[in-house]
**Q** 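Can you keep this structure in mind? I'll have questions shortly.
In listed order, ligands and their atoms are each counted from 1.
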Amino acid sequence: MKRGILYWIPVVLISLGVIYLAFFSTPVENKKRTTTRLMMGTLVAITTWDVPDQIERDGVVAAFQEMDRIEKMMSRHLPNSPLSQINRADLGKSIPLPQELAEIIQLAIEIEKKTDGAFNQGLGKLVTLWGFSGDSPPNAPPFEEKILAWRKQFHASDAIQLSEQNSNQAAQITRINTAVALDLGGIAKGYAIDRSIAVLKAHGIHHALVNAGGDLRVIGRKGDQPWRVGIQHPRDPNRVIATSDWPAEDNNDLSMVTSGDYERFFLHQERRYHHILDPKSGYPAESGLLSVSVQAQNATLADALSTAFFVLGEERTQSILSRFKGIEILLVRQDLSHWMSPGFKGLWQGEKIP
Ligand code: AMP
Ligand code: MG
């Protein structure tokens, strides 16, 4: 998608703030190297620790190329992306798609089921209706009749049909509902982070942090120190509300992804309308939360679940948490109080989380 300079100026400023926060406690040392690029609508930073020059350069370039490849495959805004081709396909006509994209779509279907429909990759038309697809946010919500018309036509269960995948046959997909357009905005950034980590590892880089506008994954450690990651205060981009020190182990491999009502929003008649939509109502989720951070072994899952849990709210999230292994969460409520799952380790505004 072509973005104008007016779009990038705030993105860069906010992202620099977030990235600064993620490293705020890290002294500047020459073993640490950070390279940044603007991609996926945000500033992405790759930081490595104590890696020989040439390996570092090659690995980081390849990791950015990999993220670029994923964006080109999974963006709804690039007209020639495989995802856009699916969204343009005639109803009822099966079209082939890359295996990798089929796997993410399949994973999103499973996450939709496990989150009682809170995560839904078929909301592209609704996102466009709300105006969250463009360069700048809209200044008023869409007419209620338009949302009602979308809701009438949209049935989460008949969003798309993905053919059974096996090694002999290319995956096929069929669009069966005009109200559905695939939008992987809730999961693809996490997947791009995971792929970049896989490429860094393949280049022999084992101590690194990939940070895409505050969504991140780390491998290894920072010398004998753990990586410390910060969670942005939902109402003050210059503050961290919580930090988490991850174990200083060689095989450390953890992600943290946050979904919040402050990432993309507009104010209309003193109400905040944000980009995380409740598939049941067609409106921005009003679940009583300002943000949800999910810690998981990979960023793809953390990304999808943070979006879903934001829609579900505190009680429903707590009631389904046992369906997921190895994840921890931190929720920030409207009054800026918080709840975290028992294994979440870290500091809350300077106080140790028990
Ligand atoms: P995130 O920032 O990861 O929470 O994802 C939000 C983005 O995912 C939005 O900008 C939409 O593109 C898309 N999205 C919005 N609501 C949902 C939802 N309920 N399920 C899945 N994706 C969504
Ligand atoms: Mg997400």
Side-chain angles (χ1 to χ4, degrees), residues 1 11 14-15 18 40-42 71 74-78 81 83-84 87 104-105 107-138 147 150-151 154 156 159-160 180-194 212-217 231-232 234 255-266 273-287 289-296 298-313 316-317 327 329 331-332:
M1 183 177 30
V11 166
I14 291 168
S15 303
V18 170
M40 304 187 293
T42 193
E71 186 179 14
M74 301 192 177
S75 169
R76 188 165 73 83
H77 306 294
L78 299 172
S81 71
L83 196 80
S84 295
N87 285 339
I104 290 296
I105 292 173
L107 179 67
I109 292 172
E110 281 154 29
I111 292 172
E112 179 188 336
K113 287 190 192 131
K114 278 177 107 173
T115 60
D116 299 339
F119 188 87
N120 193 304
Q121 63 185 320
L123 303 183
K125 296 215 165 160
L126 186 66
V127 176
T128 303
L129 195 58
W130 275 94
F132 286 115
S133 310
D135 275 5
S136 45
I147 308 266
W150 175 86
R151 232 165 57 193
F154 180 83
I160 39 152
V180 170
L182 292 180
D183 178 331
L184 297 177
I187 189 170
K189 203 206 281 179
Y191 181 63
I193 293 172
D194 285 341
D215 295 339
L216 45 91
R217 176 164 168 181
I231 297 174
Q232 188 189 313
S255 297
M256 177 95 77
V257 176
T258 299
S259 286
D261 70 352
Y262 56 89
E263 293 172 307
R264 281 193 140 218
F265 70 95
F266 61 90
Y273 295 90
H274 59 79
H275 71 313
I276 306 172
L277 304 173
D278 183 342
K280 292 215 167 79
S281 67
Y283 281 81
E286 287 187 79
S287 59
L289 300 176
L290 300 183
S291 73
V292 176
S293 301
V294 175
Q295 183 183 300
N298 69 70
T300 312
L301 184 66
D303 191 359
L305 290 183
S306 64
T307 307
F309 293 160
F310 189 96
V311 172
L312 288 170
R316 289 176 67 204
T317 295
I327 67 149
I329 62 170
L331 312 172
V332 181

**Q** Any side-chain heavy atom of I104 within less than 4.5 Å of one from L184?
**A** yes

**Q** At less than 2.8 Å, how many protein N/O/S atoms surround the Mg ion (ligand 2)? Leave waters out.
**A** 4

**Q** For atom 17 (C) of ligand 1, what is the closest protein heavy atom, and at what distance to 0.1 Å?
**A** L123 CD1, 3.6 Å

**Q** In Å and rounded to the nearest 0.5 Å, what is the CZ to OG distance from R264 to S133?
**A** 7.5 Å

**Q** Quick check: do P284 and D278 have side-chain heavy atoms less than 4.5 Å from each other?
**A** no

**Q** Verify whether one side chain among D194 and T300 offers a donor that lies under 3.5 Å from an acceptor in the other.
**A** yes

**Q** Give the residue and atom name of whichever protein heavy atom lies nearest to atom 20 (N) of ligand 1, and the separation in Å to one decimal.
**A** N120 N, 2.9 Å

**Q** Do V294 and M256 have side chains that approach each other closer than 4.5 Å (heavy atoms only, starting at C-beta)?
**A** no

**Q** Short list, please: which atoms of ligand 1 are under 4.0 Å from a heavy atom of D303?
**A** 3 (O)

**Q** Against ligand 1, does F132 come closer than 4.0 Å with any heavy atom?
**A** no

**Q** Between atom NZ of K125 and atom CZ of F154, what is the distance when rounded to the nearest 0.5 Å?
**A** 11.5 Å

**Q** Closer than 4.0 angstrom, basic N to acidic O: yes or no for D303 and K189?
**A** no

**Q** Could you tell me, atom by atom, which parts of ligand 1 come under 4.0 Å of a heavy atom of A118?
**A** 18 (C), 19 (N), 20 (N)

**Q** Would you say S306 and ligand 1 have an N/O pair spaced under 3.5 Å apart?
**A** no

**Q** Are V311 and N120 close enough that some pair of their side-chain heavy atoms sits under 4.5 Å apart?
**A** no

**Q** Less than 4.5 Å apart, any side-chain heavy atom of F119 and any of I187?
**A** yes

**Q** Which of the numbered atoms in ligand 1 are below 4.0 angstrom from a heavy atom of E263?
**A** 2 (O)

**Q** Have a look at H274 and tell me which of F266, F310, Y283 forms a ring-ring contact (aromatic ring centres under 6.0 Å, His included) with it.
**A** F310

**Q** Do W130 and H275 touch side chain to side chain, with heavy atoms closer than 4.5 Å?
**A** no

**Q** Quick check on contacts: which atoms of ligand 1 are under 4.0 angstrom from a heavy atom of D183?
**A** 11 (C), 12 (O)

**Q** Closest non-hydrogen protein atom to atom 16 (N) of ligand 1, residue and atom name please, with distance?
**A** L277 N, 3.0 Å

**Q** What residue and atom, counting heavy atoms only, is the protein's closest point to atom 14 (N) of ligand 1, and at what distance?
**A** H275 O, 4.4 Å

**Q** Heavy-atom contacts with S259 under 4.0 Å: which atoms of ligand 1 show up? List them by number with element.
**A** 1 (P), 3 (O), 4 (O)

**Q** Checking a contact table here: which protein heavy atom is nearest atom 23 (C) of ligand 1, and how many Å away?
**A** T307 CG2, 4.0 Å

**Q** Testing the 3.5 Å rule here: is there a donor-acceptor pair between the side chains of R76 and T128?
**A** yes

**Q** Do any N/O atoms on G186 end up under 3.5 angstrom from N/O atoms on ligand 1?
**A** yes

